[in-house]
Amino acid sequence: MTEIMPHQNAIDCQNLWKIFGARADEALVAAKNGEVDKDEALKRFSCVIGVADASFSVAEGEILCIMGLSGSGKSTIIRHVNRLIEPTDGQILIEGRDVMGLNPKELRQLRARKIGMVFQHMALWPHKSIADNVAFGLEVQKTPKGQQRAAAESALEKVGLGGWSDRYPDQLSGGMQQRVGLARAMAADPDILLMDEPFSALDPLIRKDLQDEFLKLSREVKKTTLFITHDLDEAMKMGDRIAIMKDGRIDQTGTPESIVLRPETDYVSRFVSSISTLKYISASEIMTPGKAKSGAPEFGASTPLPVLLAAFTEGAEELAITDGETHLGRISSTDILQAVQTDLKRV
Amino acid sequence: MDWSVILDPFASVQLPLSQWANESMTWLTSNYRSFFQAIKAPVKWALDLVEDGLRDSPQSIIIIVFTLFAWQVANRSTAIITFFGLIAIGLIGAWDPAMTSFAVLVTAVAISVAIGLPLGVLCSRVNFIWALVRPVLDFMQTIPSFTYLVPVILLFGIGNVPGVIVTVFFAIPPLIRLTNLGLREVRADLVEAADAFGATPFKRLWSIEIPLARPTIMTGVNQTVMLSLVMSVIASMISVAGLGRLVLVGISQLDLARASIGGLGIVLLAIIFDRITQGFGFTRRDRGDRGLWEQGPMGWLRGKLRHQN
């Protein structure tokens with residue numbers, strides 16, 4: 001089937017500002033003119049700048065990770081998408097519709113049908129059974145009881161918790177609770193998932209399991225996901241693209257590769273310095289101009305480093321990098337060793 | 001110059017507070033007597049309903065009905081306590097005054113809950129209202145209860161109905177306070193989660209916040225019940241009948257017998273009432289995943305009926 005709809009982002013966030021404090025309006029003007037930074041705003045207006053001029057978009061079916069340390073404003077940003085927090089300035093569009101233009105009823109419908117949210121500390125309601133927790137979004141929409149139960153059970157099945165419906169949250173381990181949180185977010189089959197540090201409160205091994213399962217599930221159901229994390233490794237793993245935040249600003253947005261290989265600010269480069277680039281280097285980054293010996297194996301410009309390494313271990317002396325017909329360059333064993341050396345020095 | 005005015009100023013300079021109090025009371029009684037009498041009417045209606053029901057019914061029927069009721073809303077051990085508690089009240093010769101006290105108590109607690117719960121909810125929603133209510137509650141809780149017996153007599157008269165009104169006045173503050181506190185202390189992320197899934201403010205209050213604040217709110221109800229019982233002796237000074245009057249007469253005549261009957265009766269009533277109200281606070285989970293009507297005698301009856309069909 002051909003796509004006839006014009007390309008539209010599922011989430012569009014344009015020049016978002018959030019300033020907390022009684023004199024937010026004054027602080028906004030000053031901050032926009034570049035007169036005050038975060039510290040200055042606190043001193044002069046006793047206002048906290050939570051989000052400063054943040055713009056990003058998430059395409060349909062894409063996972064965008066917003067990464068930043070605590071206090072960087074990432075949790076504040078995600079709450080603007082379903083308007084749990086009102087922006088001081090700027091716009092949020094969900095499939096082209098301005099969230100700020102919705103009346104209370106429309107906003108509730110958006111939250112109940114279109115957007116599912118997963119919270120850092122699970123936020124399961126302790127007095128409700130697992131099934132009732134999961135079905136709450138449907139209960140709110142006044143879905144018939146039987147349908148609620150069926151949807152809750154199928155969502156629990158998806159996260160591997162079939163048969164736990166009648167237990168209570170405190171009878172589950174942390175990892176299981178967050179699976180319930182995920183099932184609750186997906187029970188109403190929303191198009192968009194907002195995940196606010198969903199796995200950061202879990203043990204490393206359980207975190208890894210849940211990350212893998214979420215990626216698998218996400219590929220199946222193709223939900224647009226905004227994923228918040230303070231863990232760069234997690235961001236690299238989960239995100240189709242990553243936005244790195246610092247002091248309320250988005251420093252850089254891009255694919256994991258481009259963030260690691262081409263950091264645009266000092267902050268980002270300091271951040272990614274601990275990440276090995278080897279996984280992300282491709283032939284185009286290490287090839288040198290010139291023609292390879294005839295008979296050298298040919299590879300495309302985007303071939304990743306591990307594949308090139310494998311070619312050398314299989315006995316090749318030199319690699320030819322081509323774009324089908326045209327010759328782009330060559331890679332010798334020295335080139336590849338230099339690339340590895342550079343990376344080792346960097347870390 | 002006479003230094004005594006500066007050294008002992010209050011010997012000569014005083015605000016005419018007693019005069020103001022008298023004048024405002026006269027003004028209230030002469031202009032608004034009908035208003036205060038109108039407040040009495042529904043209270044009197046409710047009190048008569050309960051009291052007539054309790055006095056006209058045979059004692060054994062009351063014991064059986066209360067025992068079954070306790071079993072229904074709480075559990076079997078509460079039913080047993082209720083059964084023996086009521087028998088003990090009968091045996092010590094306090095049955096009639098106990099029923100009168102019970103009627104005053106039930107009416108006062110019902111009115112307190114009917115006013116206190118919604119007001120507590122409102123206070124937790126609107127900071128401005130809480131800022132107004134809070135000093136009023138402070139005042140109600142610190143002013144000695146004997147003080148407001150006088151204006152109550154002037155405005156409402158004496159007897160059981162004004163007794164209910166002073167009891168409500170005395171017993172309602174902790175319920176409002178604790179309802180407000182319980183709702184404000186509900187974990188913010190649990191409330192936010194309800195919002196994130198599109199709950200209306202009412203739905204959020206009813207399905208998430210009130211159930212989560214339930215232990216604190218029930219502590220408030222419990223406090224109200226206990227304070228109502230405490231008030232029964234004080235209220236007997238404005239001619240409220242019942243167990244409190246036995247104690248009061250016991251004090252004034254140094255009659256230890258009567259005082260002990262009244263005192264013991266109040267303690268027994270307190271135990272029964274406390275246990276039953278706690279039963280109302282049980283959750284479905286506390287009841288072993290059964291609803292209120294799926295347990296106790298009703299549950300037993302339903303089981304029987306289903307078996308026959």
Is the CZ atom of Arg23(A) crowded by more than 12 outside heavy atoms at less than 6.0 Å? yes

Chain B shares the most heavy-atom pairs under 4.5 Å, among Arg79(A), Met122(A), Arg108(A), Lys128(A), with Arg108(A)

Taking Trp125(A) for its side chain and Ile208(B) for its backbone only, find out whether a donor-acceptor pair lies under 3.5 Å. no

Report, as yes or no, whether the 6.0 Å neighbourhood of atom CZ on Arg275(B) holds more than 12 heavy atoms from other residues, nucleotides or ligands. no

Looking only at heavy atoms, the pair that brings Ala123(A) and Arg187(B) closest together is CA-NH2, 4.2 Å

Non-hydrogen atoms of Leu190(B) and Pro126(A) that approach each other most closely: CD1-CD, 3.8 Å

Side chain, backbone, both or neither: which part of Leu138(A) has a non-hydrogen atom closer than 4.5 Å to chain B? neither

Side chain to side chain, Phe197(B) and Arg184(A), heavy atoms closer than 4.5 Å: yes

Looking at every non-hydrogen atom in both residues, tell me the closest pair between Met117(A) and Ala196(B) and how far apart they are. SD-CB, 4.0 Å

Please find the pair of heavy atoms, one from Asp195(B) and one from Arg111(A), that lie closest to each other, and give the distance. O-CD, 3.2 Å

Look up atom CD1 in Ile85(A) and atom CD in Glu192(B), then write down how far apart they are to the nearest 0.5 Å. 7.0 Å

At their closest point, which heavy atom of Phe136(A) faces which heavy atom of Ser207(B), and how far apart are they? CE1-CB, 4.2 Å

Strictly distance-based, threshold 3.5 Å: is any side-chain N or O of His127(A) a donor or acceptor partner for the main-chain N or O of Arg214(B)? no

